[in-house]
Amino acid sequence: MNMQDLLDKAKDTLDNAKNTLGLEPQETEAGIYIPSTSSLKIAAPNKTNYDHTNYDNPYTGDKKIMMVCTEEQYMTMENGNKFDTGNHPVEMMVPLLHFKKAGFDVDVFTPTGEAVKVEQWAMPKDDDDVKQIYSEYESKFNNPNSIADFVKNDMADSTEYAAIFIPGGHGAMLGLPEDKNLGAVLRWAYKNDLFTLAICHGPAALLAANLDSPDRSDKKANQDDAGSRDFIYKGYKMVAFPTAMDKQMPKIGYLPGDLTWYFADKLEDLGVTIDNKLASGQTHQDRKLISGDGPLAANEFGKISAKALLKALN
């Protein structure tokens, strides 16, 4: 047996072991994958940690929360495999449960008004609270508002929002970080002292704030707009899903290959401090930016966001 035969045999043995242990990504159709059975047991439990917090003085005003979601579903990995992604349902629904209890209405937006994409494989099947709020919002997810239309027609005079909320899931890395209209919304929110709430991979969308404005076409205007200003979150601390953990995800079959880029590194290059090494349920507030590190943080993230909004508005 030559060296190549030995290597092939070793690879076959390793692949068989991975299959036996449930560490291989699951192929749902040609070239498209969801996480391995083992990683789903760890990362997508059937119940959330939602704690039914009641808020003594729920909000009764007319300010709402703008929820920014992805409309893209498939993420191409370094090896060409596609990951079936979208927004993570726990990071969407658990904060929504807190916002509802605290008295806030939420409007759902995607870049062009295409339907919200959700990681359905991560839906907590035994969590009645999550299933109920998902049912309430399903029509909004299927027919969201358009960020592009908001920027063009409403943003300049809008006073109806108190916060921008960006849930995670790897889908938040698709389209949102390159969306100039979202960048305009984030800078508008910052300028008007709105809260920005982002969890897990949701902070990837904050990169859009460093783009030129969508209505700037000539070179000089673009230079004035982007080249002369700092990233609005430069000097901020936050928590997010860390690069080190994203690099481990293919090893347990959560991802069907390596990512082509890492959002946390790009944020740090722009002067943000990512203050966590693990996704263990941490949250952080720095001025009007509230962040959470992953699904385990969804309950606390929703709670501190609701309390901060109530304190600011009541």
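These numbers come from a predicted model, not from an experiment.
Judged purely by atom type and a 3.5 angstrom limit, D293 uses its side chain to pair as donor or acceptor with the backbone of Q282. Under the 3.5 Å distance criterion, the side-chain polar atoms of K288 are matched with a main-chain donor or acceptor of D193. Not a single donor-acceptor pair under 3.5 Å links the side chain of E114 to the backbone N or O of E71. Between the side chain of K140 and the main chain of V106, a donor-acceptor pair closer than 3.5 Å is present. D179 places no side-chain N or O within donor-acceptor distance of the main-chain N or O of G175, the cut-off being under 3.5 Å. In this structure a side-chain-to-backbone donor-acceptor pair under 3.5 Å is present from S36 to I252. Side chain of N145 to backbone of V108: a donor-acceptor contact under 3.5 angstrom is found. D84 places no side-chain N or O within donor-acceptor distance of the main-chain N or O of I34, the cut-off being under 3.5 Å. In this structure, Q285 contributes its side chain and L289 its backbone to no donor-acceptor pair below 3.5 Å. Distance alone, capped at 3.5 Å, places no donor-acceptor pair between the N87 side chain and the M92 backbone.
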I'd like to know whether T76 forms a side chain to side chain contact (heavy atoms under 4.5 Å, CB included) with T260, so could you lay out the CA-CA distance, the side-chain angles of the two residues, the decisive distance to 0.1 Å, and finally the verdict.
CA-CA 8 Å; T76 303; T260 59; 6.0 Å; no
Worked verdict on W188 versus F150 for side chain to side chain contact (heavy atoms under 4.5 Å, CB included):
CA-CA 12 Å; W188 164 80; F150 176 76; 3.8 Å; yes
Yes or no on side chain to side chain contact (heavy atoms under 4.5 Å, CB included) for L211 and L182, after CA distance, side-chain angles and deciding distance?
CA-CA 9 Å; L211 302 173; L182 176 57; over 6 Å; no
If you apply the rule side chain to side chain contact (heavy atoms under 4.5 Å, CB included), what do you find for L96 with M67, and how did you get there?
CA-CA 9 Å; L96 284 178; M67 182 180 185; 4.0 Å; yes
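Under the 30°/60° scheme for interplanar angles, the aromatic rings of F141 and Y134 are found to be tilted. Aromatic ring pairs are classed by plane angle as parallel below 30°, tilted from 30° to 60° and perpendicular above 60°; the pair H88 and W121 is perpendicular. Note: H170 and Y254 have tilted aromatic rings, judged against thresholds of 30 and 60 degrees for the angle between ring planes. By the 30° and 60° cut-offs, the orientation of the rings of F165 relative to F99 is perpendicular. Ring pair H98/Y50 is perpendicular by interplanar angle, where above 60° counts as perpendicular and below 30° as parallel.
Side chain to side chain, N299 and N49 fail the donor-acceptor criterion of an N or O pair below 3.5 Å. Between the side chains of E119 and T85, at least one donor N or O lies within less than 3.5 Å of an accepting N or O. For the residue pair D51 / T53, a side-chain donor-acceptor distance below 3.5 Å is found, with atom types taken as modelled.
Among D107, L176, V116, the one residue that satisfies the side-chain contact (heavy atoms from CB on, under 4.5 Å) test with V68 is L176.
Within a 6.0 Å sphere centred on CG of D157, other residues, nucleotides and ligands contribute 12 heavy atoms or fewer. Heavy-atom neighbours of K237 NZ from other residues, nucleotides or ligands within 6.0 Å: at or below the threshold of 12. More than 12 heavy atoms of other shown residues, nucleotides or ligands fall within 6.0 angstrom of atom NZ in K64.
You'll find the side chain of D258 stays beyond 4.5 Å of the side chain of N79, heavy atoms only. Side-chain atoms of L97 and T48, non-hydrogen and from C-beta on, never get closer than 4.5 Å to each other. In this structure the side chain of P25 never reaches within 4.5 angstrom of the side chain of N81, judged on heavy atoms.
Atom-to-atom distance recorded for S291:OG and Y236:OH is 11.5 Å, nearest 0.5 angstrom. To the nearest 0.5 angstrom, I274 atom CD1 is 8.0 Å from T243 atom OG1. I65 CD1 to L197 CG: the interatomic distance, rounded to the nearest 0.5 Å, is 6.5 Å. To the nearest 0.5 Å, the span separating CE on M123 from NZ on K125 amounts to 9.5 Å. Between the CD atom in Q73 and the CG atom in L174 there is a gap of 10.0 Å [rounded to 0.5 Å].
Contact detail for P144 and A115: the closest heavy-atom pair is CD-CA, 4.0 Å. Between V151 and N181 the shortest heavy-atom distance is CG2-O, 3.5 Å. Shortest non-hydrogen contact noted between S213 and R187 is OG-NH2, 2.9 Å. When all heavy atoms of T159 and K63 are compared, the closest pair comes out as O-NZ, 2.6 Å. Listed here is the closest heavy atom pair of T283 and F301: CG2-N, 3.6 Å. When all heavy atoms are compared, the tightest approach of H201 to M173 is CD2-SD, 3.7 Å.
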